[in-house]
Amino acid sequence: MNVNKVLDAKGLACPMPVVKAKKAMDELTSGQVLEVQTTDKGSKNDLPAWAKASGHMVIDMKEENGIFTFWIQKG
């Protein structure tokens, strides 16, 4: 997967991963991919809901060793 930007939001509590993801996404152009890494369990629901509401698409998501990684394509 071609990732254009990586956001390390590990250790941040809700709503900061979404706030930081929005800021990072604003720097990308349509079709580019943002990788977000977070440890906040709320992100499992918050990031996909934010992406959908913002017109972006979650391409993939994984959870490994307490770290949630999301790949979100800008709409």
Side-chain angles (χ1 to χ4, degrees):
M1 183 178 322
N2 188 15
V3 174
N4 301 97
K5 188 171 184 71
V6 176
L7 171 65
D8 181 354
K10 295 189 290 288
L12 299 177
C14 180
M16 291 313 294
V18 172
V19 171
K20 298 262 188 192
K22 180 189 183 314
K23 188 173 188 223
M25 193 62 87
D26 288 344
E27 299 172 7
L28 299 179
T29 58
S30 183
Q32 288 188 313
V33 176
L34 172 66
E35 178 181 312
V36 182
Q37 302 167 356
T38 180
T39 51
D40 178 27
K41 288 186 181 348
S43 296
K44 287 195 292 187
N45 296 322
D46 296 345
L47 276 169
W50 163 78
K52 184 176 182 181
S54 302
H56 309 309
M57 184 173 64
V58 176
I59 299 170
D60 200 3
M61 176 193 145
K62 76 171 183 175
E63 179 181 350
E64 192 174 306
N65 300 326
I67 298 172
F68 305 96
T69 306
F70 300 84
W71 290 272
I72 306 170
Q73 185 174 42
K74 183 165 183 167

Please confirm whether the backbone N or O of Gly11 pairs with a side-chain atom of Thr39, one donor and one acceptor, at under 3.5 Å? yes

To the nearest 0.5 Å, how far apart are CG in Asp26 and NZ in Lys23? 9.5 Å

How close do Trp71 and Met61 get, counting heavy atoms only, and between which atoms? CE3-N, 4.1 Å

What residues, two or more places apart in sequence or in another chain, satisfy side-chain hydrogen bond (donor to acceptor under 3.5 Å, both in side chains) together with Thr29? Gln32

Can you give each donor-acceptor pair under 3.5 Å made by side-chain atoms of residues 47-54, sequence neighbours left out, with the distance rounded to 0.1 Å?
residue, atom, partner, partner atom, Å
Trp50, NE1, Ser54, OG, 3.1
Ser54, OG, Trp50, O, 2.8

Which ring-ring contact (aromatic ring centres under 6.0 Å, His included) pairs, counting each pair once, include a residue from residues 1-39, with sequence neighbours left out? none

To the nearest 0.5 angstrom, please state how far the CZ atom of Phe70 sits from the CG atom of Asp60. 10.5 Å

Would you list the pairs meeting salt bridge (charged side-chain N to carboxylate O under 4.0 Å, His left out) in which at least one residue belongs to residues 10-21, sequence neighbours left out? Asp8-Lys10

Taking all heavy atoms of Leu34 and all of Leu7, pick out the closest pair and write down the distance. CD1-CB, 4.2 Å

Residue pairs, two or more places apart or on separate chains, that pass ring-ring contact (aromatic ring centres under 6.0 Å, His included) and touch residues 25-44: none

Suppose clustering is done on Ile, Leu, Val, Met, Phe, Trp and Tyr with side-chain heavy atoms closer than 4.5 Å. Which residues sit in the same group as Met16? Leu12, Val19

Measuring from atom NZ of Lys44 to atom OG1 of Thr38, what distance do you get when rounded to the nearest 0.5 angstrom? 11.5 Å

Filter on salt bridge (charged side-chain N to carboxylate O under 4.0 Å, His left out), then keep only pairs touching residues 64-75, sequence neighbours left out; what's left? Lys62-Glu64

side-chain hydrogen bond (donor to acceptor under 3.5 Å, both in side chains) partners of Asn65, counting only residues at least two apart: none

Tell me, do Asp46 and Pro17 make a side-chain contact under 4.5 Å, heavy atoms counted? no

So, using salt bridge (Lys or Arg N to Asp or Glu O under 4.0 Å) as the criterion, who are the partners of Lys5 when residues are at least two apart? Glu27

Got a sec, which pairs hit salt bridge (charged side-chain N to carboxylate O under 4.0 Å, His left out) with one end in residues 30-43, sequence neighbours left out? none

